Amino acid sequence: MDTLAALAHGFGVALAPANLLFAFLGAALGTAVGVLPGIGPALTVALLLPATYQLTPTGSFIMFAGIYYGAMYGGSTTSILINTPGESASIITALEGNRMARRGRGAAALATAAIGSFVAGTLGTIGLTFLAPVLVRVALSFGPAEYFALMVLAFTTVSAVLGGSRLRGSISLFLGLALGVIGIDTQTGQARYTLGIPALYDGVGVVLVVVGLFAVGETLYVASRYRAGTDVIAIRGSVWMTREEWRRSWKPWLRGTALGFPIGALPAGGAEIPTFLSYLVEKRLAEKPEEFGRGAIEGVAGPEAANNAAAAGVLAPLLTLGLPTSATAAILLAAFQGYGLQPGPLLFQNSPDLVWGLIASLYIGNLMLLVLNLPLAPIWVRLLMIPRPYLYGGILVFAVLGAYSSTGSTADVVIMLVIGVVGYLMRVYDFPVAPVLVGMILGPLAEQQLRRALAISQGDPSVFVTRPIAAGILAVAAAVLLAPYLLRLFRRPA
Amino acid sequence: MTARPAAGALAVAAGVTALGLSLLAGALAIPSEAAYAGVGPRAFPLLIGAALTALGVALAVALFRGMRLEPEAGEDVDAEAVADRRAMAWILAGLVLAVLTIERLGFPLAAALVFALGARGFGSRAWLRNLGLGLVLSVVTWWLFARGLGVSLPGGLLERIG
């Protein structure tokens with residue numbers, strides 16, 4: 001009952017005309033930028049960050065909610081029509097969706113993706129609404145030791161699970177942790193790794209890292225291996241799905257949601273695993289498994305739903321525990337910090353307007369996106385036709401804008417440039433990028449909790465073993481990290 | 001059994017190791033006035049430095065055991081192609097020019113240069129048209145962000161006009 005009252009209050013905030021406008025602007029901008037090839041949700045949020053600098057926290061997070069979901073919708077359009085997944089979670093959508101488009105059923109693929117995203121996004125948001133207060137209650141009993149353990153779990157899962165290689169994932173993670181250490185230590189005032197450069201005293205801004213890695217690094221990568229003449233597949237056929245397509249879509253939507261939300265909401269989280277699982281499940285359950293690989297609608301409906309449900313799920317640990325488990329969530333957390341807000345149980349107590357307004361606007365944004373995406377799909381598709389030299393020229397312009405305006409200093413553009421070159425190398429040698437962001441944002445928080453936990457225990461590290469919840473979480477983290485090696489040990493004798 | 005690892009990949013492993021070692025060295029330079037209860041500002045950096053050093057070595061070992069670092073293919077890109085250094089140089093040159101000019105000439109002009117040089121990196125040689133397009137884009141964004149949203153962006157000449 002409390003939850004419903006809080007949600008009703010949130011709708012009161014979100015339905016204020018100004019906030020409705022922010023939600024709409026966010027949804028439209030998020031879709032427009034998310035549609036652009038090579039721009040995933042994380043970069044979309046980072047590039048649009050300057051647009052929210054002057055808004056109130058509530059207004060800007062309502063706008064972020066729209067951008068966040070909008071970028072997901074936009075990304076699936078790109079995957080389906082030109083097979084350029086902007087992020088790893090849309091790779092699966094591209095798999096079947098692009099084949100469908102090549103077979104002349106692009107419109108149906110877009111429709112099942114949009115409606116599936118709406119269904120999953122709405123169900124996921126309902127899940128978030130009721131899960132968040134429960135998590136908040138649990139989180140209130142957590143001390144620094146438990147938080148530290150949770151963060152360690154997030155580190156291990158993000159580096160072990162994202163991307164193909166644990167070794168490379170771990171290197172990315174520690175690279176991020178190293179970036180996070182740069183600056184003045186908040187607890188003792190010591191400068192660390194600032195090399196005497198004033199611009200580094202406040203640390204490296206997260207916008208610089210995102211824009212450097214995703215925009216500059218990606219642009220350099222594409223330019224270095226550019227192959228002109230990508231064909232955009234024109235949408236043919238009715239935008240509406242046939243009765244048969246509806247029949248084949250609704251179960252995958254629900255199954256995708258059932259996979260996506262819980263996995264996304266775990267502190268391990270991420271959207272990659274549920275989308276992949278959903279694909280495998282649909283392939284196994286399909287009436288016509290032979291269609292898989294040649295454009296099966298179930299292979300679009302399920303993973304797209306899983307992707308969006310996971311996006312809603314990821315917000316649960318982010319808002320209630322301050323734990324980001326995807327690149328996009330890491331940027332959202334940084335945006336909160338930019339306003340001096342720390343997501344966590346206290347945020348629900350101190351800023352109910354903001355939190356519940358944000359959650360309510362997720363419902364509203366989702367509905368707006370359905371309307372924006374179904375009938376307007378042909379307009380978004382035009383954005384795909386932008387000639388590549390202009391597209392990437394424009395991305396670079398916005399990268400400079402984002403970097404310069406984050407603190408108003410040229411030094412930040414230089415930092416972005418350096419990180420961009422690193423991003424290029426990471427792309428060439430196939431290192432995952434998300435662990436860098438999670439490590440960079442979560443690292444300083446983990447360090448803080450570690451030092452707090454040890455201060456409370458007067459330097460006795462056994463707190464991490466004697467407190468059952470902390471010990472349990474750390475055991476899971478160790479298991480995630482060591483699982484493949486253990487499995488190999490057991491298999492060897494056989 | 002395995003071919004020699006590529007020089008570039010080995011260089012990455014060496015780079016990670018070197019970064020780890022320099023972080024370790026840097027960590028030792030952080031004065032640790034043994035803050036309350038043991039863990040000072042130095043512990044975390046030491047841990048990160050040690051981990052990166054170890055991971056760099058592990059990567060080198062994995063490379064010699066046959067691990068390959070290869071990019072995934074995408075639609076706009078040909079992953080097999082030899083890197084086009086000239087294209088990258090155009091883009092980097094544009095960004096360096098932006099660094100040098102943004103405070104003196106303002107965002108609109110600096111961004112127009114970024115746009116035109118970036119477009120050149122993707123093979124477009126219509127300099128005048130690209131500069132013009134870049135200028136239109138950058139003036140509109142400057143106006144929206146600096147005037148409309150109050151973001152701090154130097155306008156250069158535009159600040160005197162309007």
Side-chain angles (χ1 to χ4, degrees), chain A residues 37-38 50-51 53-54 82-84 165 167-168 170-171 174-175 177-178 181 185 187-188 190 192-193 216 219-228 230 387-390 392-394 396-398 400-401 404-405 408 410 413-414 417 420 424-425 427-430 447 450-451 454-455 458-459, chain B residues 9 12 16 23 26 30-31 35-41 44-45 48 51-52 55 58-59 62 69-72 74-79 81 83-84 87-88 91 94-96 98-99 102-103 107 110-111 114-116 118-119 121-124 130 133-134 137-138 141 145 149-153:
Chain A
Y53 284 156
Q54 300 301 315
I82 61 169
N83 193 16
T84 306
S165 148
L167 181 55
R168 276 171 271 165
S170 306
I171 291 175
F174 277 95
L175 201 61
L177 289 173
V181 169
D185 174 35
Q187 294 188 31
T188 59
Q190 286 297 343
R192 298 192 289 190
Y193 302 122
V216 179
T219 304
L220 285 173
Y221 179 74
V222 177
S224 72
R225 286 152 175 79
Y226 180 54
R227 171 175 68 189
T230 302
R388 292 301 180 270
Y390 301 156
Y392 286 100
L396 291 171
V397 166
F398 280 95
V400 171
L401 171 78
Y404 187 90
S405 64
T410 317
V413 187
V414 178
L417 190 54
Y424 166 77
L425 291 173
R427 192 80 165 73
V428 171
Y429 293 105
D430 197 21
E447 184 185 13
L450 172 69
R451 284 156 83 173
L454 288 176
Q458 295 177 330
Chain B
V12 170
V16 172
L23 285 174
I30 300 170
Y36 46 87
V39 182
F44 218 60
I48 298 169
L52 273 176
L55 287 167
L59 181 62
L69 309 181
E70 275 149 7
E72 285 162 29
E75 191 70 7
D76 273 350
V77 293
D78 179 1
D84 180 352
M88 293 167 65
I91 290 164
L95 291 172
V96 170
V99 169
I102 190 164
E103 307 239 284
F107 173 80
V114 169
F115 185 91
F122 283 82
S124 172
N130 292 349
L133 275 172
L137 175 72
S138 61
T141 24
F145 279 85
L149 295 165
V151 173
S152 90
L153 272 183

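Here the structure is a predicted model, which means the values were calculated and not measured.
- For A:G394 against B:L137, the heavy-atom pair with the smallest separation is CA-CD2, 4.0 Å.
- Here the closest heavy-atom approach between residue B:D84 and residue A:A223 is recorded as CB-O, 4.2 Å.
- Remark: A:Y424 OH to B:M88 CE distance equals 4.0 Å, nearest 0.5 Å.
- Taking OH of A:Y193 as the reference point, atom CG of B:L23 lies at 4.5 Å (rounded to 0.5 Å).
- In this structure, B:L59 CG and A:I171 CD1 are separated by 4.5 Å, a value rounded to the nearest 0.5 Å.
- Interface summary for chain B: among A:T410, A:L450, A:V413, A:D185, the most heavy-atom pairs under 4.5 angstrom belong to A:T410.
- A pairwise comparison of heavy atoms in A:F174 and B:A51 identifies CE2-CB, 3.3 Å as the closest pair.
- Aromatic ring orientation, A:F398 versus B:F145: perpendicular (interplanar angle above 60°, classes split at 30° and 60°).
- Both the backbone and the side chain of A:Y390 come within less than 4.5 Å of a heavy atom of chain B.
- Of all the heavy atoms in B:A9 and A:Y429, the pair that sits closest is N-CE2, 3.7 Å.
- Residue B:L95 holds its CG atom at 5.5 Å from CG of A:L417, rounded to the nearest 0.5 Å.
- B:F107 places a side-chain heavy atom less than 4.5 Å from the side chain of A:V397.
- Of all non-hydrogen atoms in A:E447 and B:P41, the two that sit nearest each other are OE2-O, 4.5 Å.
- Residue B:V12 touches chain A through its side chain alone, counting heavy-atom pairs closer than 4.5 Å.
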